[in-house]
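In what follows, a structure is listed as structure tokens, so that the remarks can point back to it.
Labels below follow one simple rule: chain letters A, B, ... track the order of the sequence lines, proteins then strands, and each chain is numbered from 1. Note that the structure is a prediction, hence the values are computed from the model and not measured. Hydrogens, waters and symmetry mates are skipped; everything else that's a heavy atom, side chains included, is used.
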Amino acid sequence: MIDWTLILEWFIKAAISCFVLLTGFAYMTFAERKVAALLQVRIGPNRAGPGGFFQPVADGIKLIFKEEFIPGGADKVIFMIAPIITVIPALIILGVVPWGPTVTLFGRKILLGITDLNVGILYILSVASIAVYGIVLAGWSSNNKYAMLGGLRSTAQMVSYELSLGLAIVGPLLLAGSMSLGDIVNAQSKLPFILLQPVAALVFYVAALAEVNRAPFDMPEAEQELTAGYHTEYSGMKFALFFMAEYIKMIGVSAIFTTLFLGGWRGPFADLGAPQLPAAFPEPLVQFVGGLDLGLLGLIYFWAKVAASLFFMIWLRSTHPRLRYDRLMALGWKVMLPLALANVMVTAAALVSPVAFWIIIGVLVVVVAAYLAGRVGLAVRGT
Amino acid sequence: MTIELSLFFLLALIAMLAAGGMLLSRNAVYSALFLIVNFATVAVFFLLLGAPFIAMAQVTVYAGAIMVLFLFVIMLLGAERLRQKSVLPWQAPLAVVLGIVLLVEAGVVIVTRGLGAPPPALSETAAAGFGGPQAIGASLFTTYLLPFEVTSVLLLAAMVGAIVLTRDEKGKSQIPNSKSQTGK
């Protein structure tokens, strides 16, 4: 039998999630300009509304009224659907991320967050792997060499960094013993995993930056080399959709980073449930306080952590130059991937027994020493 | 008709249309995209069968990783437009004949044997966690440990082989360069 109230609940939660992400996108563009201005000792946008608060609205209206241009020789169908294919994975990737604990609202137990799958991490990885298509198809269908190169670069970059990203997730997964993000948050009730898995957290954050094509890894749209990369030929709302996808993906990876490494919605008092005041207090007050589920605090903690991560991303963008393309690939394959693999091995060994842990550490030290000795030997021989 | 059955027919229609589109489109990029749609539909079939792990693996590995590489190669080679006529003119009629034979065979089997008893509903056979990552991991590392390890060794050999093949070419092309550089 179908539980219609459950379907209604999911529908409302999905609508709220989309609304939050889209509003978040609009104000991320504003925040990006404001924070970058702060870091570069400028003022930033301040004309539309108090302190420039309505700047995103103005930008949106401008983009809606712009001419939509389809270049001659472009593949029209794919040119039209490429922005859509880019936005949808960005919107649905948060479907498995818990925003808070299960709370009692309106006499009903409601999980804050759309759902909690037992294959949540695999869901994230599969949606992330679909996200490549929008960019590569946009680049191909534009019939433009710059766009094509941007699309191909992005494919290579995202496929390369997806490996490190997936391996970095394995660390928290091993510690929590579950692929469900709800279980991973619950496993961090004592310590957030960033303290237990600092290497995995670092690898995840860097790989996530590369995965969403953020500076300093924004190769697919390096303007000095590729004009604007894969969205060179896009204008109006179609361009806005790419822009939207980039910022929503930033919010998405920040939320996933928060869930995996920063303890998700956990914070002081968030998992206590509804508080029970002693009966000495007046009856209406007890009723009122009993109706406030402290789990709702989790929402605040969660989004505060996400905001901190987003702030860090903007900070990185406004202080670091873009990597050269070959250095980017070398970093992905020669540094991040071995680091992530070593982290998986060490974590697994540590979970089995301390003896295995020290054996693995010893082996890794020998391997690294041999590699460094080889490098030194090569340098001495001058080749 | 239950919801699952109607979903099945809808998905089957999409999967078949996507497969047909893949075969019939003249543009290799469109073929690849139709194949991705087909893979995605198969993933939803796995979800309907109560196998979320395989569904997600299907999307990640086939629709995500492998097809991206296909598209990459198609775009890099500029092979998206099929210009020359088919080099195997006898292939299409033969395929049609063989397809009809297969259909007739299936029809005969269904008519003579019937469809058999319907499979038991999922809730009866499936224990909790059936098809989930824990159940799959447990059977991979106990019952099917040997095939699993053999497959991993096979994949490792393929990886090393790919690296050796590409490095070999690079080495050959670099040897004259390095000699000319030391010669100077």
| remark: Separation between OG (A:S129) and CE (B:M67), nearest 0.5 Å, reads 12.5 Å
| Out of curiosity, B:I36 CD1 to A:I85 CD1, how far, rounded to the nearest 0.5 Å? | 8.0 Å
| message | Could you check whether any side-chain heavy atom of A:V159 comes within less than 4.5 Å of a side-chain heavy atom of B:F72, counting everything from C-beta outward? | response | no
| said: Measuring from atom CD of B:Q58 to atom OG of A:S126, what distance do you get when rounded to the nearest 0.5 angstrom? | reply: 11.0 Å
| request: Side chain from CB out, backbone as N, CA, C, O: work out which of these in A:M148 comes under 4.5 Å of a heavy atom of chain B, or both, or neither. | output: side chain
| Is any side-chain heavy atom of A:N118 less than 4.5 Å from a side-chain heavy atom of B:F53? | no
| task | Check each atom of B:L69 against the heavy atoms of chain A and say whether the ones under 4.5 Å are side chain, backbone, both or neither. | result | neither
| said: Tell me whether the count of non-hydrogen atoms from other residues, nucleotides or ligands lying under 6.0 Å of CZ in B:F70 goes above 12. | reply: no
| Residue pair B:T60 / A:I130, side-chain heavy-atom distance below 4.5 Å | no
| Chi angles and distances behind the side chain to side chain contact (heavy atoms under 4.5 Å, CB included) call for B:V59, A:V127 | CA-CA 8 Å; B:V59 175; A:V127 173; over 6 Å; no
| request: For residues B:L71 and A:V132, determine if any side-chain heavy atom of one lies less than 4.5 Å from a side-chain heavy atom of the other. | output: no
| remark: Minimal heavy-atom distance between A:M179 and B:P133, with the atoms involved, is SD-CB, 4.0 Å
| task | Please look at A:Y133 and chain B and tell me whether the side chain, the backbone, both or neither of the residue comes under 4.5 angstrom of a heavy atom of that chain. | result | side chain
